[in-house]
Amino acid sequence: MTNQKPFIDIRHAQKSFGSLNVLRDISLQVQRGQIVAIIGPSGSGKSTLLRAINDLDPLTGGEVWLEDKQINKSLPHRQYEQHINEVRQEIGMVFQHFNLFPHLKVRENVTMAPKMLKGLSDAEANALAEEQLTKVGMIERIDYYPSQLSGGQKQRVAIARALAMKPKVMLFDEATSALDPELVEEVNLVMKKLAEEHMTMIIVTHEMGFAESVCDRVLFMDQGVVVEEGPPEVIFRNPKNERTRNFLRKHLAGQKG
Amino acid sequence: MGLDFSVIPKYLDIVLIGALWTIAITVGAAVVSFFGGILLAVIALYAPAVVRWPFRVFSFLFMGTPLLLQLFLIYFGLVQIGIDVPAFVAGVVGLGLHFAVYNSELFQTSILAVDKGQVEAARTLGLSRMQALRKVVVPQAIRDVIPPIGNNMIALLKDSALVSVIGVSELTLSAQRAIGSTYRPFEFYVLVAVLYYIINLVMETVLRHVERRIQVSR
Ligand SMILES: Nc1ncnc2c1ncn2[C@@H]1O[C@H](COP(=O)(O)OP(=O)(O)OP(=O)(O)O)[C@@H](O)[C@H]1O
Ligand SMILES: [Mg+2]
């Protein structure tokens, strides 16, 4: 694995908002089919790192590569727009607050981008939507509006919407944090299913149990740096770093309370 | 001379044809004001400064001067520079642009109020800025602004009476013509008021129906 060329390669990522350094020289390599969890306290830069991957929050330093393509290339505006729109089609993203399109039915939420960007016919796009919605268990709600769904259902539709673009990578930014506890599991199950299909995933999460059960690797971030990383059994059971231990202790205490 | 509503039937066809013209002007101008409003809003928010500024000046002129003057200018003024517009067209365009400027303000506010996460979600799927605007932001902005836009449409119906000054035989002008022959202003103005009120009611009913329909898409 170590001498394999990484699928996603983040090299010396730096990001500052004005004088605030949010990412300080972070490097991360993810192999094809690997599942990486990112954990850490609030404000440590987890979302910023994730959003740098599809250049939603462009880095102020460093490089992000997907296979042999540099994502955050500096190009003249027009060319950059075309480049980034192509790259983003290959990177699915799921947000904490779902961000479904409320004015569209579930079906159109899923078919819109494939129709616009890949020129699928109505019939092809419908077949695709039905396939993806079946996968996430939402096919019976295909003609509902998002406002008629529960949070867990919304998130599953959001995952189907991302999958319909046939991405090479899926990014999850606290996909279950906004959900009522009883709705978390249905979303986790969908993510587990993707894991079984060897989807490459980077998952920002506060759910240590879930991270431990699906991820190959865990990164613990704090104040813009990766403090510790390793396999889940090491990070969760036997962390070397004092900060990691403190974070996990506090976190577990919080969860029980 | 007492009131005598029995003069009305003889002139009813003139007045009803006037009502049809009023409806035609209102619908035409409403369409112009709606799409013009969206276009002006998008220009005001996203166009480069060289495009934005001329439109801003245009908006100021339309907001800061009387509609009556604008109608005169379009109908009588443009002829002098070789643009001869029929009165009906001048009325629709003048009234439509006037309200487009007001609608544009509403659209701008509602476009800016669409959750940033919506654009982010669209962009992460690979949509361009323009595609996201067209397919995601503007439809939601329109949905959110239907009630106040509806109020503008009703104001537009009432202001369509002004188009009579450039000689379009709409409701108000046809009533004046009937009055000219009968000398019965009270009877005909009451009739016209009732007709405006009926058109108004129909518009409000349609608007309420639309509002209910879009409720689920929030
Ligand atoms: N657009 C922005 N402008 C200014 N500061 C920002 C911006 N986005 C993020 N930050 C700051 O960057 C830091 C890291 O934010 P980030 O959202 O990446 O943290 P996080 O680890 O995802 O936290 P959480 O667990 O709360 O989601 C925070 O201090 C935040 O206030
Ligand atoms: Mg975050």
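Below, chain A is the first sequence line, B the second, and so on; all start at residue 1.
Closest heavy-atom contact between A:I84 and B:R123: CG2-NH2, 4.3 Å. Residues A:A113 and B:L127 share a closest heavy-atom pair of CB-CD1, 4.0 Å. Summarising the geometry of A:N99 relative to B:A121, their closest heavy-atom pair is O-CB, 3.6 Å, with the distance given to 0.1 Å. The shortest non-hydrogen separation linking B:G126 to A:L117 is C-CD1, 3.6 Å. Smallest separation of non-hydrogen atoms from A:L100 and B:Q118: O-NE2, 2.8 Å.
Counted within 6.0 Å of CZ on B:R52, heavy atoms from surrounding residues, nucleotides or ligands total more than 12; the atom is thus considered enclosed. Within 6.0 Å of atom CD in A:E140, more than 12 heavy atoms from other residues, nucleotides or ligands are found, so the atom counts as buried in its surroundings. More than 12 heavy atoms of other shown residues, nucleotides or ligands fall within 6.0 angstrom of atom CD in A:Q70. The number of heavy atoms from other shown groups lying within 6.0 Å of CH2 (B:W21) does not exceed 12. In this structure, B:F60 places its CZ atom where only 12 or fewer heavy-atom neighbours from other residues, nucleotides or ligands lie under 6.0 Å away. Other residues, nucleotides and ligands contribute more than 12 heavy atoms inside 6.0 Å of the CZ atom of B:F88. For A:F17, the CZ atom sits in a packed shell: over 12 heavy atoms of surrounding residues, nucleotides or ligands are nearer than 6.0 Å.
Proximity to chain B is limited to the side chain of A:F95, based on heavy atoms less than 4.5 angstrom apart. Proximity to chain B is limited to the side chain of A:Q148, based on heavy atoms less than 4.5 angstrom apart. If you measure heavy-atom distances from A:L56 to chain B, the contacts under 4.5 Å come from the side chain alone. In this structure, chain B has no heavy atom under 4.5 Å from any part of A:H97. Contacts of B:R218 with chain A are made by backbone atoms alone, with heavy-atom separations under 4.5 Å and no side-chain atom involved. For A:R161, the parts lying near chain B are the backbone and the side chain together; criterion is any non-hydrogen pair under 4.5 Å.
Using a 4.5 Å cut-off on side-chain heavy atoms (C-beta onward), A:S147 and B:Q215 make no contact. Side-chain contact between B:L125 and A:M116: absent, with no pair of heavy atoms (C-beta onward) separated by less than 4.5 Å.
The CG atom of A:D57 lies 7.5 Å from the CD atom of B:E120; values are rounded to the nearest 0.5 Å.
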Would B:K135 and A:E108 satisfy salt bridge (Lys or Arg N to Asp or Glu O under 4.0 Å), going step by step from the backbone distance to the final call? CA-CA 11 Å; B:K135 289 288 192 171; A:E108 284 102 38; over 6 Å; no
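Most heavy-atom pairs under 4.5 Å with chain B, from the set A:M165, A:H103, A:K105: that is A:H103.
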